[in-house]
Amino acid sequence: MTPPAPSTHRPPGAAASGTGPAPGFGRRAAAIVAVAAMLPYLTLKILWLTGSSIGVSEPGLMNDPAMVGLNAMTFGMDAVGLLLALAFAARWGLRLPAWLVLLPLWVGTGLLSVLIVSMPVVIATSGLGAFEGGPIRSWIYLMVYGGFMVQGIGLMAAFALYARDRWPAAFTTATGRPFPSLTRPLQRLLAWGALPVATVLGGVRLAWALDGQVGAVQDGLKGVLAIAGAAALVVMVERRGRGPFWRPLVAAWLGAGSLFAWGLYALIITSAGGPLSAGAGGPEAFVELFGVLTGLVMGLCGAFLLAERSGVGHVDAVQEPLEGDDRERDRRTADHGHR
């Protein structure tokens with residue numbers, strides 16, 4: 001009797017255990033670029049937190065308790081991004097729990113995606129004049145926002161390549177792919193409930209942008225992302241279309257992340273008080289509050305969908321749809337062991 005040929009199939013949990021393929025050149029290069037772009041910002045935050053007034057026209061500004069707290073918070077956020085970039089460049093990054101990767105990246109990409117698109121437009125149309133008139137010198141803004149753009153591109157590129165290795169089904173399957181889902185009624189309720197709210201919030205943002213207010217470019221982009229993200233989430237939940245699943249996933253990811261992250265950031269600024277909260281409140285505060293809540297609802301809906309669709313949450317009904325009732329483990333899992 002001829003013995004069976006050795007299987008090249010990756011065993012279940014290979015990626016999760018860190019035995020998957022080593023990061024390729026593209027993934028490592030993107031992560032290194034992101035890390036390099038983060039270092040000037042982290043250095044600036046350390047200087048401000050230790051009493052330096054570099055780049056500040058009002059020396060006492062960074063000693064304000066609210067500013068100290070905000071600087072510590074933003075330093076921590078960028079430090080988390082740096083650790084994730086390092087994880088994307090190494091094989092041990094595949095061993096990280098999915099939530100530990102996805103949650104901070106969801107918030108981070110929601111913030112950075114808006115800056116990546118809006119800041120080049122602002123600089124091209126207004127030059128450094130857009131950053132003049134405040135207590136922070138214009139070259140600081142240029143360094144910080146330039147770094148944000150580079151680190152955002154590098155981090156998102158590294159994450160996309162990392163996700164392709166860890167969860168390939170999201171890139172290779174169609175949006176209309178059927179799969180068992182115990183929470184689909186809840187997903188439909190959340191997705192369809194978020195759509196009209198996100199549409200209103202996006203419409204308000206677009207109206208502000210057309211009004212030519214300060215931050216018009218960012219408002220316009222946030223409005224488009226909110227509406228497109230909510231619509232894409234409905235497409236994902238209803239499994240409409242034969243195109244690749246990653247297309248509506250990217251739109252829903254950025255739309256929900258932008259609503260949640262920017263709304264939460266604005267509410268923290270307002271609650272902290274201090275120089276940055278001047279002029280905060282009014283209708284803008286309600287838009288930010290509803291943005292946080294709507295983004296959170298969309299994020300939870302997407303989390304349920306991804307867990308059941310791709311096995312991120314180790315849901316047996318999704319990971320083993322080909323397994324018979326006898327549970328003899330005699331068939332391959334539909335997700336090919338990728339988690």
Side-chain angles (χ1 to χ4, degrees), residues 7-16 20 94 97-99 101-103 105-106 109 159-199 225 227-257 294-339:
S7 173
T8 59
H9 171 67
R10 182 193 292 187
L94 295 172
W99 68 267
V101 175
L102 298 179
L103 180 58
L105 256 296
W106 178 61
T109 52
F159 173 57
L161 296 172
Y162 169 93
R164 187 186 63 181
D165 289 338
R166 184 166 180 176
W167 302 293
F171 297 84
T172 59
T173 57
T175 304
R177 166 195 172 188
F179 60 93
S181 175
L182 296 176
T183 65
R184 194 176 185 195
L186 175 61
Q187 292 175 28
R188 282 175 163 163
L189 176 64
L190 296 178
W192 283 104
L195 180 59
V197 181
T199 301
L225 284 176
I227 298 171
L233 184 62
V234 170
V235 169
M236 291 164 56
V237 169
E238 297 296 342
R239 306 173 191 175
R240 295 176 180 174
R242 297 182 179 180
F245 175 70
W246 66 265
R247 290 177 182 172
L249 175 60
V250 169
W253 175 282
L254 294 179
T294 306
L296 180 60
V297 168
M298 293 170 61
L300 289 173
C301 179
F304 284 130
L305 187 148
L306 289 176
E308 293 186 329
R309 190 182 196 279
S310 61
V312 171
H314 306 291
V315 182
D316 289 341
V318 177
Q319 293 174 12
E320 302 179 345
L322 300 181
E323 184 65 41
D325 293 336
D326 56 5
R327 313 299 290 177
E328 291 179 351
R329 303 282 177 175
D330 55 351
R331 305 185 188 185
R332 290 183 178 180
T333 59
D335 69 346
H336 301 290
H338 295 294
R339 297 193 172 108

Taking the side chain as everything from C-beta on, heavy atoms only, tell me whether Q187 gets closer than 4.5 Å to L233.
no
Scan residues 296-306 for pairs that pass side chain to side chain donor-acceptor pair (under 3.5 Å), counting only residues two or more places apart or in two chains.
none
Locate the shortest heavy-atom distance separating M298 from A256; write the atom from each residue and the value.
CB-CB, 3.7 Å
Measure the CG-SG distance between L186 and C301 for me, rounded to the nearest 0.5 Å.
7.0 Å
Looking at every heavy atom in both A232 and A252, which two are closest together, and how far apart are they?
CB-N, 3.8 Å
Please tabulate, one pair per line, all N/O donor-acceptor pairs under 3.5 Å involving side-chain atoms of residues 191-198, not counting sequence neighbours.
from : atom 1 : to   : atom 2 : distance (Å)
W192 : NE1    : E238 : OE2    : 2.9

Face-on cation placement of R177 at F245 ring, 6.0 Å and 45° thresholds:
no
Pairwise distance CZ(R239) to OG(S181) - rounded to 0.5 angstrom
5.5 Å
Would you say the side chain of T175 lies within less than 4.5 Å of the side chain of R240, judging by non-hydrogen atoms?
no
From L249 atom CG to L306 atom CG, the distance as rounded to the nearest 0.5 Å:
5.5 Å
Within 45° of the six-membered ring axis of F179 and under 6.0 Å from that ring's centre, is NZ or CZ of R184 located there?
no
Give the intermediate values and the outcome of side chain to side chain donor-acceptor pair (under 3.5 Å) for residues R309 and T173.
CA-CA 10 Å; R309 190 182 196 279; T173 57; 2.9 Å; yes
Side chain to side chain donor-acceptor pair (under 3.5 Å): pairs with one or both residues in residues 242-253, sequence neighbours excluded
T109-W253
Hey, could you give me the CG/OG1 distance between L300 and T183, rounded to the nearest 0.5 Å?
11.0 Å
Side-chain (E308) to main-chain (P180) donor-acceptor, under 3.5 angstrom
no
Carefully, step by step, assess W167 and T172 under the rule side-chain contact (heavy atoms from CB on, under 4.5 Å).
CA-CA 10 Å; W167 302 293; T172 59; over 6 Å; no
Begin with the C-alpha distance, continue with both residues' side-chain angles, and end with the deciding distance and a verdict on side-chain contact (heavy atoms from CB on, under 4.5 Å) for F304 and L182.
CA-CA 10 Å; F304 284 130; L182 296 176; over 6 Å; no
